[in-house]
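Reading through the structure tokens given below for one structure.
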Amino acid sequence: MVTVADGVHAYVQEPGGWCVNNAGIVVGEDTVLVVDTAATEKRALALRDTVDALAPGPRRIVVSTHHHGDHTFGNHVFSGPHTLLVSHDAGPAELVRKGTALQSMWPHVEWGHTPTVLPTLTVRAGATLHLGDITAELIHPGVAHTSDDLVVWLPEQRVLFAGDLVFSGAAPFVLMGSLAGSLAALARLRELDPLVVVVGHGRVGGPELLAFTEEYLRWVAALAEQGLADGLSPLETAQGADEGAFAALLDRERLVGNLHRAFHEAAGGAPGARIESAPAMREMVAFNGGRPLRCLA
Ligand SMILES: [Zn+2]
């Protein structure tokens, strides 16, 4: 756990990567805000123990930054009469549609009991939580990582819980959202002028993480433009790409998925419009030389 401001903590699960995500804990006067849970029941219980130790009081608000299972499978561990589950308006339908499908990608992981729990409150553009002396703004930055993204912004502490809009040391992933939308969202997040950025996966940092993600996404957009001009597929474009410093990123195979989204948008596809993820995931394995995607959950 990394304390980033008075009463504000990042729950960081190293080293990040597929399904090993971060959470946030904001301890208000009589309510604690938890930003995301975890992928497995065991990890979610460990997070709950940490929350219990910090704030034994019963009132809790759990905000999901998006529906992806690594951030939500553990929600049921927190659900109960004193907990308000919150997501974006588009979250519940995605939770129902996807269920636990993600788990079949990594059958070796001990997922535990992870029933889908739907939020009680959904927000469209944004909302403000008043937690005594701490104010937390929930902001929907548009379709970016997914169509139901929410970031949590603490304006006084200048702490941003960015969810999967921003990664640290790992490749960003926009297959299920939008590349153009992500760039627009990042510009908006930069305007907030955060001091601390808690990312969805990887180490806590500052605004340089926003800049890094933008740089990566612009590189993907340029690659897509070239790949399309050369008549290549997303996989072929990725295989021929000079990855430079991006080659060292964790889960670098996401480049293939990101190119699928970039190609789709270059052809006029709407942000967040569904692209079948299973074939793109199989191509990521191919890009990885046939090795399965590494999940340490
Ligand atoms: Zn995600």
Side-chain angles (χ1 to χ4, degrees), residues 10-13 15-24 34-40 43-44 47 62-75 86-88 90-95 97-106 109 111 114 116 119 138-152 160-179 181-182 185-186 189 197-202 209-210 213 216-217 220 249-258 260-261 271-272 274-275 277-278 280-281 284 293-297:
Y11 185 85
V12 179
Q13 300 199 91
W18 290 107
C19 288
V20 180
N21 68 302
N22 298 334
V34 180
V35 183
D36 286 338
T37 61
T40 69
R43 285 176 180 271
L47 170 64
V62 175
V63 173
S64 299
T65 60
H66 62 298
H67 68 277
H68 281 164
D70 44 343
H71 300 256
T72 57
F73 285 151
N75 283 4
V86 182
S87 82
H88 180 260
E94 290 294 294
L95 285 169
R97 183 171 74 83
K98 299 233 175 117
T100 54
L102 180 70
Q103 297 178 1
S104 63
M105 276 191 63
W106 294 285
V109 170
W111 297 100
T114 60
T116 302
L138 313 185
I139 302 168
H140 173 55
V143 176
H145 175 64
T146 63
S147 52
D148 62 304
D149 294 316
L150 281 181
V151 301
V152 179
L160 175 68
F161 292 96
D164 284 0
L165 263 68
V166 187
F167 285 76
S168 168
F173 195 41
V174 298
L175 172 65
M176 293 138 194
S178 168
L179 191 148
S182 291
L186 286 161
L189 298 187
V197 179
V198 180
V199 298
H201 299 255
L209 296 174
L210 304 180
T213 308
Y216 174 91
L217 292 174
V220 172
L249 292 177
L250 204 59
D251 309 327
R252 57 185 263 282
E253 66 273 5
R254 291 189 186 133
L255 174 59
V256 182
N258 293 333
H260 270 281
R261 179 55 65 181
R274 207 164 296 166
I275 294 177
S277 54
M281 294 301 227
M284 286 186 235
L293 310 184
R294 200 169 78 123
C295 172
L296 300 174

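All ligand and atom numbering here is 1-based and tracks the order in the structure.
In this structure a side-chain-to-backbone donor-acceptor pair under 3.5 Å is present from Asp36 to Thr65. With hydrogens and angles disregarded, a donor-acceptor distance shorter than 3.5 Å links the side chain of His201 to the backbone of Val20. Under the 3.5 Å distance criterion, the side-chain polar atoms of Ser64 are left unmatched by any main-chain donor or acceptor of His67.
Judged purely by distance below 3.5 Å, without hydrogens or angles, the side chains of His68 and Asn21 never pair a donor atom with an acceptor atom.
Between His145 atom NE2 and His66 atom NE2, the angle centred on the Zn ion (ligand 1) amounts to 100° (nearest 10°).
Because the distance cut-off is set at 2.8 Å, His68 qualifies as a neighbour of the Zn ion (ligand 1) through one of its N, O or S atoms. Residue contact annotation: Asp164 places an N/O/S atom under 2.8 Å from the Zn ion (ligand 1).
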